[in-house]
Asks: 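The structure under discussion is supplied below as C-alpha cells; questions concerning it will follow.
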Number of protein chains: 2
Amino acid sequence: MTEVPARERLMDAAVEAFAERGFHATTTRDISTRAGMSPAALYVHHASKEQLLYEISSAGHLNTRHMLADAYASTADPVARLATMQFEFTKWHAVHSKRARVVQYEISALTPEHRREVAGHRRDIERIYQDAIREGADKGVFEIEDVPGTALALISMAIDLVRWYQPDGPRTPDSVAQLYADLALRAVGARTA
Amino acid sequence: MTEVPARERLMDAAVEAFAERGFHATTTRDISTRAGMSPAALYVHHASKEQLLYEISSAGHLNTRHMLADAYASTADPVARLATMQFEFTKWHAVHSKRARVVQYEISALTPEHRREVAGHRRDIERIYQDAIREGADKGVFEIEDVPGTALALISMAIDLVRWYQPDGPRTPDSVAQLYADLALRAVGARTA
DNA sequence: CAGTGTACTAAGCGCGCGCTTAGCGCGATG
DNA sequence: CATCGCGCTAAGCGCGCGCTTAGTACACTG
C-alpha cells in the first residue's frame, strides 16, 4: 500500500477535470474535491490553477519529445524509423488520452511565457518528423513532395485521435498505433520490402 | 454599401472571440464590444451565449455534411470521389479556419441536447467517408483493412489542420487541400491510373 | 507531556461573470 | 405634431470564481 502524495493526487485530479471540461470550465474547487481535499489545499501544493496546467503540459511535451527522439535514434532504416515513431507517438496519445487532451488542446490557456516554452518543444517534435521523412526521401525510400506538410499530416492523425478515442471502446492503443504506423508508411510512399 | 444586420455582426464577433480564446474564456462583453454594441445588445438578438455557440456549430456541421454529400454524389469513380471529398473538406477547414476551430473544438460547451444533435451530424460525416472508402475497397480500387479506422484518420488530418493553420501563412487553402487529397489516396492504397 | 513543525481546513474577500430590467432616441404613421 | 414601436443602452443584480488568511489537528521530539 503506497501512499500517493497529495501534490500528485491534485495533478491527477486536474488532468481528469481539464480533460473532461476544459481548463476554463474547471474550478479549483472541482480539482481539490476530486483529490479528496478542501479548496485551500490546492494552494498548499501548487501556486495557481495555471501553474498546475503548465506542469501537466510541460511534462507531457517533454515526454513525447523524448520518446520521438528515442524512436528516431533506434535505427537508421527510414522505414522502420518512421513506423516506430508513428507507432509510439500514436500509442502514447491512446494510452494517455486524457493527459494528451490537456497537453494538445489547452495550450492557449497558458501564460504567454509558458506558451512560448511549450511552442519550442512542439517545434522540436515537428523537426524530428521532418528529419525522418526527409532522410527517407533523400535515400530514395520515400516519395515526398512536401516534407513539412506531410510531417504535419502524420502528426495530426495521432494528435486528433484524442478528440474521439475512448479507452473502453473496441480499439486498443496497440491496434490504433499499428494502423496509423501503416498509414504513415503509405502516406510517405514507402517502398515495401 | 450593404448594412450587415446586428444579429449577424454578433455571430461574426462570437466566431472571432470563441476561436481566439475558447467559449468559456470569452465574455459576452467581449462579443458585444467586438460587434460595436453594449453588453445588453447581445440578448436582444440571441437568447444566451450558449445559443450563439449552438447556431455557429449547427450551421458549420450542416454546411460540411452537405458539402461532403455533394462531393460523394458528384461521381461514381472511387478515386475521384475520395479525392474530391478530402480536397473540399480540407479546403473548407482552411478557408473557414476560425469558424472551423469553434465548430470542431467547442462541442463540449454545448448543452447535452445540442451536443446530441451535433453528434448526429458528425456520425453522418463519418459514414459518408466510410461509404466512399468501402466502395473503393469492394471494387478492388483501394486496399483497406480497417475501413472505419482509415476514415477517422483521413477526417483527423483535415480537422486537426485548424489547430495550426494560419490564413496569412505560406500555405493556401488550395495547396493544403491538394496535398491532403493526395495523401488520402495514398493512405487508401489507391491504384494510380 | 510541553513544544514544534507539517499538512491541512474554515471562512470569506473582492471581482467579473451571464443575464435582466427599466427606459431612451428616433423614424414611421395618422 | 402627438403617438407608437423598434432597436438599443445604462445600470446593476446575484452568483460563483480564484485565491488568501488565520488557525487547527496531530505526529514527532526532547
Side-chain angles (χ1 to χ4, degrees), chain A residues 1-58 102 105-115, chain B residues 1-58 102 105-115:
Chain A
M1 173 88 194
T2 44
E3 281 285 319
V4 178
R7 194 186 144 78
E8 284 179 34
R9 261 159 56 219
L10 283 162
M11 277 193 64
D12 292 345
V15 167
E16 292 263 328
F18 292 163
E20 278 178 25
R21 309 192 207 292
F23 177 80
H24 290 293
T26 297
T27 69
T28 54
R29 283 161 179 83
D30 184 15
I31 297 168
S32 47
T33 302
R34 280 178 198 246
M37 299 165 137
S38 78
L42 193 152
Y43 294 90
V44 172
H45 300 282
H46 301 274
S48 68
K49 187 177 128 179
E50 191 275 341
Q51 187 69 31
L52 208 38
L53 173 64
Y54 168 67
E55 282 159 24
I56 295 164
S57 188
S58 182
V102 179
Y105 293 142
E106 299 294 348
I107 292 173
S108 70
L110 293 167
T111 62
E113 195 183 345
H114 287 157
R115 193 157 58 242
Chain B
M1 175 88 192
T2 45
E3 281 284 318
V4 179
R7 194 186 144 78
E8 284 178 34
R9 260 159 56 219
L10 284 162
M11 277 192 65
D12 292 345
V15 167
E16 292 262 328
F18 292 162
E20 278 177 25
R21 309 192 206 292
F23 177 81
H24 289 293
T26 298
T27 69
T28 55
R29 283 161 179 82
D30 183 15
I31 297 168
S32 46
T33 302
R34 280 178 198 247
M37 297 164 141
S38 79
L42 193 151
Y43 295 90
V44 173
H45 299 283
H46 300 275
S48 68
K49 187 177 129 181
E50 191 276 340
Q51 187 69 32
L52 209 39
L53 173 64
Y54 168 67
E55 282 159 25
I56 294 163
S57 187
S58 182
V102 179
Y105 293 143
E106 299 294 348
I107 292 173
S108 70
L110 294 167
T111 61
E113 195 183 346
H114 288 157
R115 192 155 60 240

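In what follows, every chain begins at residue 1, and chains take the letters A, B, ... in the order their sequences are listed.
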Asks: Hey, what's the ring geometry for B:Tyr54 with B:His114, parallel, tilted or perpendicular (30° and 60° as the breaks)?
Replies: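 Parallel: the ring planes of B:Tyr54 and B:His114 meet at under 30°.
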Asks: Do A:His46 and A:Glu55 meet the criterion of a side-chain donor-acceptor pair at a distance under 3.5 Å?
Replies: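 Per modelled atom types, A:His46 and A:Glu55 side chains form a pair under 3.5 Å.
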Asks: To the nearest Å, how far apart are A:Asp30 CG and D:dC19 P?
Replies: 15 Å
Asks: Whole angstroms only, please: what is the CZ-P distance between A:Arg9 and C:dA7?
Replies: 13 Å
Asks: Main chain of B:Ala35, side chain of B:Arg9: is a donor-acceptor contact present, judged purely on distance under 3.5 Å?
Replies: yes
Asks: Check the distance between D:dG7's P and B:Leu10's CG and give it to me in whole angstrom.
Replies: 13 Å
Asks: Between B:Arg21 and B:Asp30, does a salt bridge (charged side-chain N to carboxylate O under 4.0 Å, His left out) hold up when you go through it step by step?
Replies: CA-CA 11 Å; B:Arg21 309 192 206 292; B:Asp30 183 15; 3.1 Å; yes
Asks: Locate the shortest heavy-atom distance separating B:Ala109 from B:Leu53; write the atom from each residue and the value.
Replies: CB-CD2, 3.7 Å
Asks: Please pick, from D:dC8, D:dC19, C:dG18, the nucleotide with the shortest atom-to-atom distance to any side-chain atom of A:Lys49.
Replies: D:dC19
Asks: Is it the case that C:dG18 (base atoms only) and B:Arg29 (side chain only) share a donor and an acceptor within less than 3.5 Å, ignoring hydrogens and angles?
Replies: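 Checked by distance alone, the answer is yes.
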Asks: Report which part of the nucleic acid A:Thr26 touches: base, sugar-phosphate, or nothing (heavy-atom distance under 4.0 Å, all strands).
Replies: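 Sugar-phosphate contact only - A:Thr26 comes under 4.0 Å of backbone atoms but never of a base.
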Asks: One thing to verify: whether A:Arg115 and A:Glu106 come together as a salt bridge, which I'm taking to mean a side-chain N less than 4.0 angstrom from a carboxylate O.
Replies: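 Salt bridge flag = no for A:Arg115 with A:Glu106.
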Asks: What residues from residues 36-46 of chain B pass a heavy-atom cutoff of under 4.0 Å to DNA chain C?
Replies: B:Ala40, B:Tyr43
Asks: What is the distance, to the nearest angstrom, from the CG atom on A:Leu53 to the P atom on D:dG18?
Replies: 13 Å
